[in-house]
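This report concerns only the one structure given below.
In each ligand, atom 1 is the first atom listed, and ligand 1 is the first ligand listed.
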Amino acid sequence: MNQRRPDLSDNSRHTAVVGLQWGDEGKGKIVDLLTARHDVIVRYNGGANAGHTVVVGDQRYALHLIPAGILSPGKLCIIANGVVVDPQVLFEEIDSLRSRGIEVGDNLRISDRAHVVMPYHKEHDAALEEVLLHKCGGKNLSIGTTKRGIGPAYADKVHRSTAIRIGDLLNEDRLHRKLSVICTIRTAELAALGVTAPPLDPDELTRVYADYGRRIRPSVIDTVYLLHDCLGDGRRILFEGANACLLDIDHGTYPYVTSSNCSTLGIPAGTGVPGRHLRRVLGTMKAYTSRVGEGPFPTELLNELGDRIRQRGHEYGTTTNRPRRCGWVDLVAVRYSAMICGATGLACMLLDVLSGFEELKLCTGYRMPDGSVTERFVPDAEGLSEVRAVYETMPGWPDELDDPSERKTLPAEARRYLDRIEDFVGVPIEIVSVGPERTQTLEAVS
Ligand code: GDP
Ligand code: IMO
Ligand code: MG
């Protein structure tokens, strides 16, 4: 019998990077930094709704599907089974990286069990959002999705019979059989959503997606065994979370969430690696809060302070270019996410954006409709929309953070701000980021 080798790896050397707010916390920058100390970088959830930015010198990369580790030569990057892959975006991303001199070949592996985002998923996503925005009796019931087909693709995964997996792209006959049924169903559904387009053509879709299959074939593998082989060989794994804990389908502000488990709880299911390997979880948070799309946001600043944060932080979506909603840091939310994700350390990002504010507010409680105050998060959209943030106020620091070298060289007010975050969340801040570049990072990165 084929025995698995014993697992000799040092668990504490594997790391997960996860967002503790509503996304765009700077995960791309942190993954890029931590890549140097890991061998394998794995995406476990989400799809091209993610936009992870890495700045290297004068180059800026925005990654949607490929792990940010791809920018470092000699690292193995894996798109694991929990991801929904849009081959069109994937190949655009590969071509764009190659055109900029980044190697993408044997260093990228894709699970045969990852699900495929098809064109009709994107059409469905956009059409449903349109109906929910404009055709619900004057009420906006839309989620504000990225329209990348994420929800419909995960819905098909759960439906089972209408799903296409990467492995299906490698078998043209099977793909055609499936698409013949799916196209009939989807054409009717799209028509019901008001889409006036010719019926979906299974022959044409099979031709295009079998072509993608031929191109993708050399990268496709059973990534569960690949990851366990890596563990057995003592290779260090870095799990790159996409989206963020408050967008988690089970633990976020439902229904204003994405369709995957984007907290670290998604790692075991999304990769086949058991949770016991996850001893180190770096929770990434902005020094304030941002959110894209609809949904409650207790600390949102719908005034010139919010505009100032948006301007200073260049808060426009990496994937959709939408202006991000901005507000004060919500420590109730961050502490909840740190608890769900098992954060062992924090990376506090974009601290430089807060320079020049006379005073800063930190939300440390929620006033409930009955007047009581709680320090517990309300992971439900309707409930959260009814709370009022309770703030502590701290003095800001007037000057720009011109590349301080260590945390202790930051202005005293900035240090006190970080201390309060650490104290309230109960997790140490391991990394402080004061600019998008690799060098604009304080604290040891290990
Ligand atoms: P991700 O989705 O979590 O990877 O984050 P995004 O890439 O969508 O958004 C974070 C943005 O902030 C990117 O444009 C980064 O280049 C930028 N960024 C990261 N860290 C810092 C920082 O410390 N200061 C500033 N000013 N920008 C940062
Ligand atoms: P990264 O990895 C910010 C939000 C969308 C929308 C909701 C559902 O860059 O942090 P979806 O298209 O997933 O069905 O949209 O989730 N959203 C994100 N917001 N950053 C992300 O990813 C996001 N991924 C999804 O704006 O509100
Ligand atoms: Mg992003």
Exercise for the section: Considering only non-hydrogen protein atoms, determine which one is nearest to atom 17 (C) of ligand 1 and report residue, atom name and distance to 0.1 Å. Expected result: Pro436 CB, 4.2 Å
Problem - Atom indices of ligand 1, in the order listed, that fall short of 4.0 Å to a heavy atom of Met349 - result: 20 (N)
Handout entry: N or O pair under 3.5 Å between Leu351 and ligand 1
Key = no
Practice task
Classify the side-chain pair Thr441/Lys29 by whether it contains a donor and acceptor separated by less than 3.5 Å.
Solution key: yes
Fill in the blank from the handout: Here the N/O/S atom of Asp24 closest to the Mg ion (ligand 3) would be OD1
Exercise for the section: Check the side chains of Thr258 and Asn49 for a donor-acceptor pair under 3.5 angstrom, ignoring hydrogens and angles. Expected result: yes
Practice task
Return yes when at least one protein heavy atom is under 4.0 Å from atom 11 (C) of ligand 1, and no when none is.
Solution key: no
Practice task
Using atom types as modelled and distance alone, determine if a side-chain donor or acceptor of Asn45 lies under 3.5 Å from a backbone N or O of Ala242.
Solution key: yes
Fill in the blank from the handout: For ligand 2, protein residues within the heavy-atom limit of under 4.0 Å are Trp22, Gly23, Asp24, Lys27, Asn49, Ala50, Gly51, His52, Ile143, Gly144, Thr145, Thr146, Ala242, Asn243, Leu247, Val257, Thr258, Val292, Gly293, Arg322
Practice task
With heavy atoms under 4.0 Å as the rule, classify the contact between Val434 and ligand 1 as side chain, backbone, both or neither.
Solution key: backbone
Problem - Heavy atom of Gly51, distance to ligand 1 below 4.0 Å - result: yes
Handout entry: Candidate pair Asp24 and Arg324, rule salt bridge (charged side-chain N to carboxylate O under 4.0 Å, His left out), full reasoning
Key = CA-CA 10 Å; Asp24 307 322; Arg324 295 176 183 148; 3.0 Å; yes
Problem - 4.5 Å side-chain heavy-atom contact, Cys245 and Cys341 - result: yes
Exercise for the section: Assign the ring pair Phe377 / Tyr366 to parallel, tilted or perpendicular, where the plane angle (0 to 90°) is split at 30° and 60°. Expected result: tilted
Practice task
For the residue pair Glu315 and Tyr288, confirm or rule out a side-chain donor-acceptor distance under 3.5 Å.
Solution key: yes
Exercise for the section: Report the member of Ile431, Val31, Leu350 with the shortest heavy-atom distance to atom 27 (N) of ligand 1. Expected result: Leu350
Practice task
Please check if the side chain of Arg43 supplies one atom and the backbone of Ile66 the other of a donor-acceptor pair under 3.5 Å.
Solution key: no
Practice task
Answer with yes or no whether Gly313 contacts ligand 1, where contact means a heavy atom under 4.0 Å from a ligand atom.
Solution key: no
Handout entry: Side chain to side chain, Ile110 and Val83, heavy atoms closer than 4.5 Å
Key = no
Practice task
State whether the shortest distance between N or O atoms of Gly435 and N or O atoms of ligand 1 falls below 3.5 angstrom.
Solution key: yes
Completion exercise
Closest to atom 24 (N) of ligand 1 among protein heavy atoms sits Asp352 OD1, 2.8 Å
Problem - Best match, Ser355, Ala242, Ser433, Gly19: closest heavy atom to atom 23 (O) of ligand 1 - result: Ser433
Exercise for the section: Please say whether Gly28 places an N or O atom under 3.5 Å from an N or O atom belonging to ligand 1. Expected result: yes
Practice task
Answer whether the closest heavy-atom distance between the side chains of Lys27 and Met349 falls below 4.5 Å.
Solution key: no
Practice task
Using a strict 4.0 Å cut-off to heavy atoms of Gly26, name the atoms of ligand 1 that fall inside it.
Solution key: 1 (P), 3 (O), 4 (O), 5 (O)
Handout entry: Donor-acceptor pair, side chain of Tyr209 and main chain of Ile164, under 3.5 angstrom
Key = no
Practice task
Check the side chains of Thr145 and Asp125 for a donor-acceptor pair under 3.5 angstrom, ignoring hydrogens and angles.
Solution key: yes
Practice task
Please determine, by modelled atom types, if His115 and Asp156 share a side-chain donor-acceptor pair under 3.5 angstrom.
Solution key: no
Exercise for the section: Would you mind checking which non-hydrogen protein atom is closest to atom 15 (C) of ligand 1, with the distance to 0.1 Å? Expected result: Thr53 CB, 4.0 Å
Exercise for the section: Check the pair Trp22, Thr289 against side-chain hydrogen bond (donor to acceptor under 3.5 Å, both in side chains), reporting the backbone distance first and the verdict last. Expected result: CA-CA 8 Å; Trp22 279 290; Thr289 312; over 6 Å; no
Practice task
Keeping the roles fixed (side chain from Asp168, backbone from Leu175), state whether a donor-acceptor pair exists under 3.5 Å.
Solution key: no
Exercise for the section: With heavy atoms only and a cut-off of under 4.0 Å, state how Lys29 meets ligand 1: side chain, backbone, both or neither. Expected result: side chain
Exercise for the section: Please confirm whether Met285 comes under 4.0 Å of ligand 1, counting heavy atoms of the residue only. Expected result: no
Practice task
Using a cut-off of strictly less than 2.8 Å, determine whether Gly51 has an N/O/S atom near the Mg ion (ligand 3).
Solution key: yes
Handout entry: Per-atom contacts, ligand 1 versus Arg324 - under 4.0 Å to a heavy atom
Key = 8 (O), 9 (O)
Problem - Polar atom proximity, Lys27 to ligand 1 (N or O, under 3.5 Å) - result: yes
Handout entry: Approximate separation, where rounding is to 0.5 Å, of Asp352 CG and Gln440 CD
Key = 7.0 Å
